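What follows is a set of notes on a single structure, which appears directly below.
Chain identifiers are assigned alphabetically (A, B, ...) following the order of the sequence lines, protein sequences preceding nucleic acid strands; residue numbering begins at 1 within each chain. No experiment lies behind these values; they were computed from the predicted model shown.
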Amino acid sequence: MDMNSFSPMMPTSPLSMINQIKFEDEPDVKDLFITVDEPESHVTTIETFITYRIITKTSRGEFDSSEFEVRRRYQDFLWLKGKLEEAHPTLIIPPLPEKFIVKGMVERFNEDFIETRRKALHKFLNRIADHPTLTFNEDFKVFLTAQAWELSSHKKQGPGLLSRMGQTVRAVASSMRGVKSRPEEFMEMNTFIEMFSQKVNLIDKISQRIYKEEREYFDEMKEYGPIYILWSASEDDLVDILKDVSSCIDRCCKATEKRMAGLSEALLPVVHEYVLYSEMLMGVMKRRDQIQAELESRLEALTYKKADTDLLTEEIGKLEDKVECANNALKADWERWKLNMQNDLKSAFTDVAEENIHYYEQVSQTEEYLINLDSDLFLREDLDNNF
Amino acid sequence: MEQAPLDPERQLPPAPLEPLGRSDAGLEATGGEEAEGSRDAGSGVDTMTENNFWLKKIEISVSEAEKRTGRNAMNMQETYTAYLVETRSVEHADGQSVLTDSLWRRYSEFELLRNYLLVYYPHIVVPPLPEKRAEFVWHKLSADNMDPDFVERRRIGLENFLLRIASHPILCRDKIFYLFLTQTNYFFQADSRLKALNATFRVKNPDKRFTELKHYSDELQSVISHLLRVRARVADRLYGVYKVHGNYGRVFSEWSAIEKEMGDGLQSAGHHMDVYASSIDDILEDEEHYADQLKEYLFYAEALRAVCRKHELMQYDLEMAAQDLASKKQQCEELATGTVRTFSLKGMTTKLFGQEAPEQREARIKVLEEQINEGEQQLKSKNLEGREFVKNAWADIERFKEQKNRDLKEALISYAVMQISMCKKGIQVWTNAKECFSKM
């Protein structure tokens, strides 16, 4: 089953989908197209921030129109992510780009940083759009369509602050207790996630390092070519070949630049996204555990008859459903995620290999051209000890 | 103004011009059965004719290098490398070679040979030695003279040096060169003339061609040094790019352990990344050969400068002699006519303390006339010498130019060939890796 991460499922009831272990083949009918572009700087008396333009084109009935254009800032994305996590605690929500980059003195408003972030935000929204469940989330729809003031008022709705706090406290309390017995498949999942997280972080570091080394190689090469030109100025007979060598080196430089660009577009963002995904996954595992822990605490309470048995039994019933839903949701999403991960990384590395092949082919062509040009000018003479 | 360091009495022996010419006279060499420094060419000294040195084809090689320890001039223990110099003569008919001579030489002995050639063939662009110490190293190579790669490259450089001398129409006939190849017990004493090469002085009418040549050799030295420096940095960076890919190998392998479907693809891709990372060692080793070829011409620039210097020296000497002659002639004239045209101490004292006696004046005139005669002879022969030098030097410089153009073209083309081979390796590895990735 080849699941393209950008092909959404047929619109069926979200609830029914959760009970399936595996998703069926998705038809290639995409009906929600989102682009994120045009970063703009806004200056107020209190702060400076960037907004991004989000254009949505859709044929879905539940949307009032077929095209929407809104402006959102990073905070809004954070809000959306929070809401999705709340609504689907055990689904694998796509990661957001980091708030700040800690290492390296990158300013928030540096051009490269903004561009990288824009691309990541674009990916974020599209991944949600392609997710069979998340794509129908109400907050997602509001995010894509509401005008600024509409969004603000929408944000204020939902469970009040106090009740939200209560939920959090209970969740924290049960998580402190920990899960008694995690089911086998989730144990395996957890182990995988830990290992994967380790490896993908290493690959991220290695890839960044390669980019850095290529950049430094490029910088030195830029200085190398012109020296041959300088030399040709003092040689009468070697002018042509020296100039040719110099232009060879210049072409190598250009090929290196292209290879770097390829790396930076095809590999680095993908690997980095999976670094963030691995953090996300650990959060998902925790939340799943929390839900199970809540059930376990209630069961415990029942055993020790700490509260009203009828009320408890009812609560337990609900919680058991909740745990079953959560586990099923995670299992299904896990398979989907793994498949996407394999495809994404496979295609990223294949692209890198392709870039490298192309690079060496270019350089080789350039050098062959040089040899053909100059070797007929070159005569070999016998330099042995013949008198 | 510094004195021309040449002793005007002793002229340098003219370099042999025609094929079976007399080989070097006036050298200070001792050793073996050789007689005390044969100053006169004609005193029955072994010449090369007796050994048929150039009638047979010979092959010279520096075939081995060995680490040695010994005591140096200050009786301190030192480690050095000795090189085996083998000479073979090749029979015309069947091309088989017979080992005729084989002895061990260290770098300092090669230096002595070269210094000798510099002094006795001042108009020849003498081939350079490989570097004494490793320079222009990029980080992977060590700057250690005992490093096996450096020793190996130096061995090749020393062989190249000997081959260049052997293929030079004039230098190959040199007797000391022959002794270097065949006789173990001999040594030179450094010649004071060597120091002359480093003196500074000013010449009024230098030959324009030599001035241009000196300028050219300065430029050559500067541009090649710069080139070698940047090349070393480029090599460093390239090394970094390749080696970091090796880290993929390790991580892919570890990752493949937890992946069911991707496992195999990852594992084999990782292997290719390791291959890629280790391929840079050979690539850069080959490139060192290119660097060595450039270095040779870097050092040749120095040899060119030496020839220019020699010309300046001779020119200076000539100008000084001419000046001296002119002033003597003037003095003579003044004495004879009694007029003092130029200010001189003698003139002043004469005015102050009265004229000298006529006999004294006569005596002085006579001495001056003798000196003028001698001076004119010397000037004539110096002029001749100078013209000979220029003619011979320029012939060798033309030869050198052709050699340089050939060699550098070859070096540049083989550099391009090296690059292509590197690319082919790269294409191979990444094609394999791509296949593995697509199977993931």
(request) Output the option from A:Leu230, A:Ile203, A:Val363, A:Thr366 having the highest count of non-hydrogen pairs under 4.5 Å with chain B. (result) A:Ile203
(request) Mind ranking B:Glu435, B:Lys425, B:Met422, B:Lys404 by heavy-atom pairs under 4.5 Å with chain A and telling me who comes out on top? (result) B:Lys404
(request) Quick one: which of B:Asn247, B:Leu238, B:Ile420 has the most heavy-atom pairs under 4.5 Å with chain A, could you say? (result) B:Ile420
(request) Using non-hydrogen atoms and a 4.5 Å limit, figure out which bit of A:Leu202 sits close to chain B: side chain, backbone, both or neither. (result) side chain
(message) Quick check on the interface: out of B:Asn432, B:Val241, B:Leu266, who has the most heavy-atom pairs with chain A under 4.5 Å?
(response) B:Val241
(request) Using a cut-off of under 4.5 Å on heavy-atom pairs, state which of A:Phe218, A:Tyr228, A:Phe196 scores highest against chain B. (result) A:Tyr228
(message) Among A:Val245, A:Asp244, A:Leu238, which residue satisfies the side-chain contact (heavy atoms from CB on, under 4.5 Å) criterion with B:Leu412?
(response) A:Val245
(request) Check step by step if side chain to side chain contact (heavy atoms under 4.5 Å, CB included) holds for B:His245 and A:Glu213. (result) CA-CA 11 Å; B:His245 279 86; A:Glu213 294 285 340; over 6 Å; no
(request) Please determine, among B:Gly265, B:Ser421, B:Ser438, the option with the most heavy-atom pairs under 4.5 Å with chain A. (result) B:Ser438
(request) State the OG1-CH2 distance between A:Thr350 and B:Trp430, to the nearest 0.5 angstrom. (result) 10.5 Å
(message) If the condition is side-chain contact (heavy atoms from CB on, under 4.5 Å), which residues does B:Asp101 pass it with, not counting sequence neighbours?
(response) B:Thr87, B:Thr182
(message) Given heavy-atom pairs under 4.5 angstrom as the criterion, report whether the side chain, backbone, both or neither of A:Ser207 touches chain B.
(response) both
(request) Take atom CZ of A:Arg209 as the centre, draw a 6.0 Å sphere, and report whether it contains more than 12 heavy atoms from other residues, nucleotides or ligands. (result) no
(message) Please determine whether the number of non-hydrogen atoms from other residues, nucleotides or ligands lying under 6.0 Å from atom CG of B:Asp264 exceeds 12.
(response) no
(message) Counting heavy-atom pairs under 4.5 Å with chain B, which one of A:Asp219, A:Ile210, A:Asp351 comes out on top?
(response) A:Ile210
(message) Within the 4.5 Å heavy-atom criterion, are B:Asn405 and A:Glu235 side-chain neighbours or not?
(response) yes
(request) Anything in residues 247-267 of chain A with a heavy-atom distance to chain B below 4.5 Å? Please list those residues in order. (result) A:Arg259, A:Leu267
(message) What part of B:Tyr216 gets within 4.5 angstrom of chain A, counting heavy atoms only: side chain, backbone, both, or neither?
(response) side chain
Show me, pair by pair, the donor-acceptor contacts under 3.5 angstrom made by side chains of residues 249-263 of chain B, not counting sequence neighbours?
from: B:Ser253; atom 1: OG; to: B:Gln267; atom 2: OE1; distance (Å): 3.2
from: B:Glu254; atom 1: OE1; to: A:Lys199; atom 2: NZ; distance (Å): 2.6
from: B:Trp255; atom 1: NE1; to: B:Glu259; atom 2: OE2; distance (Å): 3.0
from: B:Ser256; atom 1: OG; to: B:Ser253; atom 2: O; distance (Å): 2.7
from: B:Ser256; atom 1: OG; to: B:Gln267; atom 2: OE1; distance (Å): 3.4
from: B:Glu261; atom 1: OE1; to: A:Gln342; atom 2: NE2; distance (Å): 2.8

(request) List the steps and the verdict of salt bridge (Lys or Arg N to Asp or Glu O under 4.0 Å) for B:Lys424 and A:Glu368. (result) CA-CA 12 Å; B:Lys424 290 210 156 58; A:Glu368 273 167 10; 3.4 Å; yes
(message) Is B:His215 in contact with chain A via its backbone, its side chain, both, or neither, using a 4.5 Å heavy-atom distance?
(response) neither
(request) Specify the closest pair of heavy atoms between A:Glu361 and B:Ile427, including all atoms of both residues, with the distance to one decimal. (result) CG-CD1, 3.5 Å
(message) Sort by residue number and list every residue of residues 352-360 of chain A having at least one heavy atom under 4.5 Å from chain B.
(response) A:Val352, A:Ala353, A:Glu354, A:Asn356, A:Ile357, A:Tyr360
(message) Determine whether a donor-acceptor pair (N or O, by modelled atom type, separation under 3.5 Å) exists between the side chain of A:Lys346 and the backbone of B:Phe437.
(response) no
(request) Just give me the residue among B:Val230, B:Leu227, B:Val417, B:Ile224 that pairs up with chain A most often, heavy atom to heavy atom, under 4.5 Å. (result) B:Leu227
(request) Tell me, for B:Leu220 versus chain A, whether the close heavy atoms (under 4.5 Å) come from the side chain, the backbone, both or neither. (result) side chain
(request) Report the option among B:His226, B:Gln428, B:Arg237 that has the most heavy-atom pairs separated by less than 4.5 Å from atoms of chain A. (result) B:Arg237
(request) Check the surroundings of atom CE in A:Met187: do more than 12 heavy atoms from other residues, nucleotides or ligands lie under 6.0 Å from it? (result) no
(message) Quick check for you: to the nearest 0.5 Å, what is the distance between B:Leu408 atom CG and A:Ile241 atom CD1?
(response) 9.0 Å
(request) Select one option (side chain, backbone, both, neither) describing which atoms of B:Val429 are under 4.5 Å from chain A's heavy atoms. (result) neither
